[in-house]
Amino acid sequence: MKRLQTPEELESLRESLVARRDPDRPRISVCCGTGCRVYGSMEVVEAFSEETGRRGLDNEIDVVSTGCHGFCEKGPVVVLNPSGIFYQRMTVDDVPDVVSETMLKGTVIDRLLYVDPGTGERIVYEHDVPFYQKQQRLVLDLNGDIDPTNIEDYIAFGGYSALAKVLHDMTWEEIIDEITKSGLRGRGGAGFPTGLKWKLCRQAKGDTKYVICNADEGDPGAYMDRSIMEGNPHRVLEGMIIGASAIGARQAYVYIRNEYPLAVENLRIAIAQAEEYGFLGRNILGSGFDFSIQIRPGSGAFVCGEETALMASIEDRIGEPRARPPYPAVNGLWGKPTNINNVETWANVPLIIDRGGDWYSQIGTVDSKGTKIFSVVGNINNTGLVEVPMGATLKEIIYDIGGGIPGGKECKAAQLGGPSGGCIPREHFDVPIDYESLLELGSMMGSGGMVICDEDTCMVEFARFFMNFVQEESCGKCVPCRLGTKAMLEVLTSITEGNGQAEDIEYLLELGEQTKESSLCGLGQTGPNPVLSTIRYFRDEYEAHIRDKHCPAHVCKELIQYSIDAEACTGCGRCLRACPTEAISGAKKELHTIDLEKCIKCGSCDEVCKFDAVMVE
Amino acid sequence: MAFQPGFDVSKIEHLLNGRKDGEYGSLMTMLEEVQAQYRYLPKDALILISQRMGVPLSQTYSVATFYNAFSLKPKGRHIINVCLGTACIVRGSRKILERISDRLGIEPSGTTEDGEFTLETVNCLGACALGPIIVVDGVYSGQMKASKADALLREMLSEGEKP
Amino acid sequence: MITLTIDGRQVEALEGSTMLEVARENGIDIPTLCFHEALEPYGGCRLCVVELLTSRGSRLVASCVHPAEEGVEVRTDSEIVQKSRRMTVELLLAAAPNAKVIQELAAEMGVEEPRVKLGDNDCILCGLCVRACKEIVGANAISLVNRGFAKEVKPPFEIGSNACIGCATCVFICPTGAVRLEDVLANRSVHERESDFESRPCKLCGDHYLAAELRQDYEALLAEEAV
């Protein structure tokens, strides 16, 4: 492939690609994001290729491995084009039927259709699936359509046209203006206005400047960035090149978690192809602008998501944050002005340049523009990636899109912002989500992880889990974080073990406040949030643990007891066999009992009992 | 610091010779390569790399102990990784970790005496729909239960006994 | 020169100064632990925090490292600052109960028994020893090892370092006495005996090793303390 030298050559390539693509041509789009691959989607792709080959149809039907479609609960997800028929939980065994019945005869296969749990209705088309209906998929729009390892797919769908426009028709002021006008704010968590960030870096003194993509998505339960990089890495690259040209940087790094091997691989392929086609390297599209991007895998430290720690890591030092000011925009990587943005932020940039900052600013709320991708996980029916306009409510996301809570249970709270965020109880689910409203509720937008907790979640144990995480990931440099979060963890642990003292809640609040005020970096400044927010909304649970040595959700091991209900037990013996410590005894068809001395409260008996006879109190 | 006689340098010779431009690139990238080749960071490798790159050994050691990706002790032939991300936690992954830990007789981060199994935890793999998840030698298994983990371990342990 | 307000007073300062420097120039006392004039500021102990008032509210910043800026207003001893320092000292006392300097700070601030026990390690991880060894002496013999609560100061592989030149700067600069002279001398003699030992000079003064006279003085000191 010859390097594209001008925007005209790019246009001409695009036109020829589009001309070659018949919109009516049958295309089977199989989700091959990490999640669906675990479900076996790669085998499904192979099976489709084999089946179409066997029938001599491989020149008429395309089989495409795409990135994450977002509806992870129902993987492997397959969408048939051009009809838009949506099949879920596909297996290799279903493939022959799909080809013979649906592709060739147009007959829909009922057993593969999504069933709306509320109405019992079977949904045929992707755009009718409730999970997708209420979303506004802008950043993720191409995830179901393109093969992320084929740059020509991206080009055919308009990719890199924003870059061409920027390099030839816009000055750096105009680019930064457009981004500022759009109201785009950082999607990594803090929500700093992107246009302003770029401007500060542009204005900083120095000829050598750097651009960084923070792809160290470390919040547990958050995988939006993974899916963007797996499914449409070129959009991120295009955003970075645009930003770099506005700022005046010639070298960039993508700092990406090593726990994301598929994303790293797809990114590597994308960079190589971008270089081949002339979107990276020297004199990009004849503009005189040189730019290159290097991948830097992380080495397993959550704190390296903090920008100064991230830069320290690139500089081969330990990931200890440093004081700001000076801000990276002025003094960053190797002391040079550096602009760091999150993956999702970069991915929004080409859309804004293509359709305009004005268009973008129509979406969302007064202060929070555009869409946000959330990973909705935990105790939820429709686990997956959800892209909604800012201002959508938790109620819409959890119930209309998320399909509610499994087992018909009540939803207790939604945790947003990961270890930096807070939980939001059910009574606030009508609040429109934006940066400010979440702060007022004691939470924060964070990177987009949204963990749903049902009525069986112990909020004290939940807070302890987060504190443990913060302790494991603290770099240890500053006293408030290193020792303050340790003290909080000790207190929380003793509460969950039934050794809580009356003064503990006040002590936790004081420790939390001081750790937030005094810590060096964002990790310590936000680490206490889960504890503070659970005390704010679920104080009664803390009090029950402390005063009554009772765990209302029946979770904390030291405070619960397993027993077998005499009325429900049929003496089938399943629990006896499942028990790892032989704590259960009983004759066949007779009541079984648990020896509490031997019971380690692992819950295996409850798992296997078909009669709901195991009681936890 | 004296070398252990017989340290096999061949696996990292290419690293120690630097790149074409005479530079060594990044220390952390080198360490990741060493970790991949040896399944840990041997002391002698760290000493050699520090010398060649002109990086103080104390800095190399500091970096080697800071990041989770690096291990100063050899890891087992099989690596079992249990996800303790929030989504997996609310679905009960801690019980699975406890079961595996009990069965193998090791704590998280530990390796069995025979050098066969290392048990690790990770704070989110980004495949939350399948939680609770464990990864064994790079192979993901979703919707785990303590009983499923038992079955998996039994299979692996019996395979190990085969001649 | 720039102008700013500190504790209600308008003062002038050289551009590029830190808040701590400005405070000290104006006779205002701010406690520190990890700060040393001869080293790059670290900002780790958080004892030197001051309240920075901005249009969007106030926040605490480490004065040893925060630059003095034109027109800012700073309070070095307000209630929020005091609360923060007291908690910092309480936590340090919980982790290093036998360190005299921490006990003294606690007494000054009215911090009594810590409400939790976090250990009994004289090392408070101020990093002064490591930073001095790197920035002044240039030996890089020790470093900060591990992460978080497990962080420690150690030589490579926790064995001993032949990069150490035995100058004992780490012993002098340590505020709590956690770095012991015996360990430095012991490390030195082990490496002096090993054939691959190569002495290195101090980056600052050029001396190659602990001068014989000084060593005798130190050994005498140690003998005195033992009595």
Side-chain angles (χ1 to χ4, degrees), chain A residues 299-304 308-309 317-327 330-331 468-494 501 503-504 506-508 510-521 523-525 527, chain C residues 18-19 33-34 40-52 58-69 80-96 102 114-119 121 124-127 130 143-153:
Chain A
S299 298
F302 173 78
V303 68
C304 287
T308 61
R317 296 184 287 116
I318 54 177
E320 273 186 355
R322 59 153 173 85
R324 297 173 303 168
Y327 288 93
V330 167
N331 181 333
N468 186 56
F469 177 85
V470 169
Q471 255 290 295
E472 278 181 0
E473 300 294 340
S474 168
C475 77
K477 177 173 174 177
C478 79
V479 172
C481 178
R482 184 180 79 242
L483 298 181
T485 62
K486 178 73 172 174
M488 289 179 79
L489 179 61
E490 300 273 292
V491 174
L492 283 164
T493 304
S494 76
Q501 313 280 330
E503 321 79 55
D504 282 350
E506 288 310 314
Y507 187 37
L508 282 173
E510 196 187 325
L511 274 168
E513 277 305 315
Q514 290 312 314
T515 302
K516 280 173 64 107
E517 297 274 349
S518 316
S519 289
L520 170 65
C521 85
L523 193 110
Q525 287 161 4
Chain C
T18 62
M19 287 305 322
L33 268 174
C34 73
E40 288 299 312
Y42 191 51
C45 72
R46 313 309 286 176
L47 201 55
C48 71
V49 290
V50 295
E51 188 183 358
L52 183 72
S58 80
R59 62 184 177 109
L60 293 177
V61 298
S63 59
C64 66
V65 81
H66 196 88
E69 288 159 324
I80 167 180
V81 169
Q82 287 180 30
K83 269 166 103 163
S84 167
R85 287 195 192 140
R86 302 236 321 244
M87 183 55 88
T88 299
V89 169
E90 181 184 340
L91 289 168
L92 283 167
L93 194 61
I102 304 297
R115 287 168 275 185
V116 74
K117 281 201 198 341
L118 296 178
N121 191 336
I124 56 170
L125 291 172
C126 63
V130 168
S143 59
L144 289 166
V145 153
N146 300 328
R147 190 171 81 197
F149 193 72
K151 211 173 189 71
E152 318 175 82
V153 174

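In this text, all values refer to a predicted model and were calculated from it rather than measured experimentally.
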Pick from Glu490(A), Glu473(A), Glu472(A), Arg322(A): which one has the most heavy-atom pairs with chain C under 4.5 Å? Glu473(A)
Side chain from CB out, backbone as N, CA, C, O: work out which of these in Ser494(A) comes under 4.5 Å of a heavy atom of chain C, or both, or neither. neither
Look at Val49(C), Leu118(C), Val61(C), Val65(C) and state which one has the largest set of heavy-atom pairs under 4.5 Å with chain A. Leu118(C)
Donor-acceptor contacts under 3.5 Å from residues 89-96 of chain C side chains, at least two apart:
from: Glu90(C); atom 1: OE1; to: Arg115(C); atom 2: NH2; distance (Å): 3.0
from: Glu90(C); atom 1: OE2; to: Arg115(C); atom 2: N; distance (Å): 3.1
from: Glu90(C); atom 1: OE2; to: Arg115(C); atom 2: NE; distance (Å): 3.1

Just jot down the ring-ring contact (aromatic ring centres under 6.0 Å, His included) partners of Phe302(A), sequence neighbours excluded, or say none. Phe469(A)
For the atom pair CG (Leu520(A)) and NZ (Lys477(A)), what is the distance rounded to the nearest 0.5 Å? 5.5 Å
So, Glu320(A) and Lys151(C), do they make that salt bridge, N to O below 4.0 Å? yes
Do Ser63(C) and Cys48(C) pass the side chain to side chain contact (heavy atoms under 4.5 Å, CB included) test, and can you show the C-alpha distance, the side-chain angles, and the key distance before you say yes or no? CA-CA 6 Å; Ser63(C) 59; Cys48(C) 71; 3.4 Å; yes
Below 4.5 Å from any heavy atom of chain A, which atoms of Leu33(C) appear? Answer side chain, backbone, both or neither. neither
Toward chain C, the part of Leu511(A) with a non-hydrogen atom under 4.5 Å: both
Who among Gln471(A), Arg324(A), Glu513(A), Glu510(A) has the most heavy-atom pairs with chain C under 4.5 Å? Glu510(A)
